[in-house]
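Given the structure is predicted, the values throughout are model-derived calculations rather than measurements. In each ligand, atom 1 is the first atom listed, and ligand 1 is the first ligand listed.
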Amino acid sequence: MTNKVQWGIVGMGVMGTSLSRNFAGKGIQLALFNRRLEGIEEDVALTKKHHYPELHQAQAYEDLVQFTAALESPRKILLMLPAGKPTSLILDQLTPLLSEGDIVIDGGNTHYQETENRASKLSKKGILFLGIGVSGGEAGALKGPSLMAGGDQKAYEIVKKDLFQIAAKNSKGNPCCAYFGSGGAGHYVKMVHNGIEYAEMQLLAEVYALSHHSKIQPTLEEWNSTASKSYLLEITAALLAYQEDNMPFIEKIEDQASNKGTGAWATAAGTTLGYPNNLMSSALHARYISSFKEDRIQFAKQFNSELSKTKISFSELKKSYDLSRWINHHQGFEMLDLAAKEYNWKLNLSEVASVWAEGCIIKSELMDFCITLFKKEKSILLSEDFKKLLEEGKDAWKNTILQTVENEIPVLSMQAAWSYFVAMKTKKSTANIIQAQRDYFGAHGFNRTDQENSELLHGPWNKDKL
Ligand code: 6PG
């Protein structure tokens with residue numbers, strides 16, 4: 001008879017294995033489960049147990065009954081499976097084997113609404129469910145990921161001590177792990193993280209485009225020793241340094257970007273809220289456009305003419321990059337703030353920044369700065385810090401945008417940042433035209449600027465035009 005163990009991990013893929021090693025390295029006793037598919041997945045948990053010294057003490061299973069029986073009460077089970085069907089399938093098999101008060105955590109990139117549904121379904125059976133966004137990739141999972149929790153608060157209180165142990169620690173020494181609210185709050189925060197990630201990646205790709213695909217590599221390394229420092233900047237500088245046959249290796253990679261859906265979810269979630277998250281959507285659309293390769297080749301033949309090269313210095317480029325990033329972060333945090341109000345989550349933006357400041361893909365100096373910024377300010381763009389950055393960089397940013405138009409260089413995210421900024425500081429917009437049009441064709445009504453009206457009004461339109 002073996003001793004009961006503290007945690008069970010389901011799914012020995014890349015993330016499941018790295019997290020298991022992280023837990024075990026902190027002295028937490030584990031049971032590992034991986035399904036058995038004859039000829040395809042056999043003895044996976046056992047092989048990992050033997051392969052990694054940290055996992056030698058762990059118990060390995062391919063049978064869910066034995067796996068659940070190995071866990072102390074209340075059971076704490078972390079699912080690290082592909083989102084969607086694989087997670088649903090295991091949950092269906094697992095649930096009948098659990099007891100009231102057991103805790104199940106979904107650590108995958110699950111859509112927040114699916115997490116909401118699962119949480120309410122499982123709570124009817126007395127099972128405490130948490131949806132936790134895990135960021136940091138393989139290395140983060142092993143050395144310390146960023147953990148965004150949501151769901152049953154009682155369950156979080158039970159597991160948080162262990163989660164704090166495996167999480168990354170930020171510059172203030174705090175674990176990058178927090179509870180953000182009921183149901184799908186944790187997965188929502190992770191989804192917005194990924195939306196910000198998409199735009200951060202795209203902005204770096206645009207910096208590369210504006211540097212004419214060359215010579216920028218050492219400059220990016222230099223930028224990474226300034227306040228622009230970030231994990232994504234660091235890896236971009238690193239990957240640009242690779243050569244093959246005296247050519248940058250990067251030029252040998254097909255220029256069509258894939259995605260696993262979280263950027264599309266983030267874009268859709270913003271629009272559902274009525275929030276203009278155009279940095280995330282521009283980055284997503286840039287990936288989508290890239291995937292239409294055959295059309296791009298055809299369009300290039302039809303429309304391209306010889307263009308001169310841009311005249312943007314690296315110093316101007318950095319200012320444009322910095323300002324665009326600040327707008328990207330501003331939008332991500334504002335979207336979260338709005339979502340928290342809409343879904344009744346008590347979400348503290350400084351705490352979100354604290355969880356994102358280390359361990360995750362969007363960790364950066366700016367994120368670390370946001371921990372303090374949100375303690376005194378409500379909005380990144382209305383802060384004195386942004387004002388200063390803008391004073392120093394606006395002319396450069398404007399010149400960059402002008403040059404991208406002049407030279408027909410596609411920089412969807414940098415232009416989106418500029419458009420958002422210019423539109424947001426326009427006191428009198430042209431939405432009166434939209435309102436009049438809506439009323440003209442659909443009698444949708446409008447408010448007047450010179451009258452208080454309790455009901456929507458209609459215009460004196462002559463409907464002959466219909
Ligand atoms: C993370 C990443 C991770 C994954 C993305 C990739 O925080 O560790 O965001 O979750 O890299 O899901 O997404 P795409 O395949 O859509 O780029």
Side-chain angles (χ1 to χ4, degrees), residues 11 13-19 21-22 78-84 86-87 105-112 114-115 131-150 163 166-168 170 176-178 180 184 186-205 230-236 239 253-270 277 279-291 328-329 332 335-336 352-364 367 412-413:
V14 172
M15 292 297 280
T17 304
S18 294
L19 281 171
R21 292 175 62 198
N22 186 348
L78 172 61
L79 310 181
M80 290 308 300
L81 298 166
T87 303
I105 301 174
D106 174 11
N109 265 335
T110 299
H111 193 279
Y112 69 98
E114 198 167 10
T115 303
I132 301 191
V134 180
S135 178
E138 187 179 2
L142 181 63
K143 292 185 194 138
S146 160
L147 301 171
M148 298 144 248
L163 296 183
I166 64 152
N170 64 29
C176 297
C177 171
F180 293 119
H187 279 142
Y188 195 98
V189 174
K190 175 62 172 47
M191 175 189 71
V192 174
H193 164 285
N194 281 30
I196 297 173
E197 173 186 299
Y198 271 49
E200 291 291 287
M201 292 165 76
Q202 177 61 21
L203 286 171
L204 282 161
S230 77
Y231 170 72
L232 283 170
L233 174 59
E234 182 188 329
I235 64 162
T236 307
L239 59 86
I253 297 179
E254 189 66 64
D255 62 340
Q256 292 174 275
S258 316
N259 77 92
K260 294 207 184 87
T262 50
W265 296 349
T267 299
N277 55 341
L279 262 287
M280 295 177 193
S281 61
S282 65
L284 176 74
H285 292 158
R287 289 196 192 190
Y288 286 172
I289 289 175
S290 80
S291 71
N328 181 32
H329 283 66
M335 178 177 160
L336 269 184
V352 176
S354 170
V355 169
W356 286 348
E358 257 306 324
C360 66
I361 305 296
I362 58 172
K363 66 184 178 183
S364 71
M367 196 61 81
L412 276 74
S413 289

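In this structure, CG on L81 lies 12.5 Å from CE on M15, to the nearest 0.5 angstrom.
Below 4.0 Å from some heavy atom of N194 lie the following atoms of ligand 1, by number and element: 5 (C), 7 (O), 9 (O), 10 (O), 12 (O). Set against the non-hydrogen atoms of R287, the atoms of ligand 1 under 4.0 Å away are 14 (P), 16 (O), 17 (O). Residue-ligand proximity, I361 to ligand 1, at heavy-atom distances under 4.0 Å covers atoms 1 (C), 2 (C), 7 (O), 8 (O). Which parts of ligand 1 touch E197 is read off a 4.0 Å heavy-atom cut-off, strictly below it: atoms 1 (C), 2 (C), 5 (C), 7 (O), 9 (O).
G136 counts as a contact of ligand 1, since one of its heavy atoms falls under 4.0 Å from the ligand. Residue contacts with ligand 1: H193 is included, with a non-hydrogen atom under 4.0 Å away. In this structure, G137 is part of the shell of residues with a heavy atom less than 4.0 angstrom from ligand 1.
No donor-acceptor pair closer than 3.5 Å links the side chain of H329 to the backbone N or O of I196. In terms of modelled atom types and a separation under 3.5 Å, the side chain of T110 and the main chain of T115 share no donor-acceptor contact.
Residues satisfying the side chain to side chain donor-acceptor pair (under 3.5 Å) criterion with S281, sequence neighbours excluded, are absent altogether. Every residue was checked against the side chain to side chain donor-acceptor pair (under 3.5 Å) condition with N277, not counting sequence neighbours, and none meets it.
Remark: ligand 1 and S258 share no N or O pair separated by less than 3.5 Å (distance only, no angle test). Here's the thing with K190: one of its N/O atoms is less than 3.5 angstrom from an N/O atom of ligand 1.
The protein heavy-atom contact nearest to atom 7 (O) of ligand 1 is S135 OG, 2.5 Å. For atom 16 (O) of ligand 1, the nearest non-hydrogen atom of the protein is Y198 OH, 2.4 Å. The closest protein non-hydrogen atom to atom 12 (O) of ligand 1 is N109 ND2, 3.2 Å.
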Between I132 and D106, does the side chain to side chain contact (heavy atoms under 4.5 Å, CB included) criterion hold? Intermediate values first, please.
CA-CA 6 Å; I132 301 191; D106 174 11; over 6 Å; no

Passes side chain to side chain contact (heavy atoms under 4.5 Å, CB included), S135 versus M148? Steps please.
CA-CA 8 Å; S135 178; M148 298 144 248; 3.8 Å; yes

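The two residues H193 and I361 come nearest to each other via the heavy atoms NE2-N, 3.6 Å.
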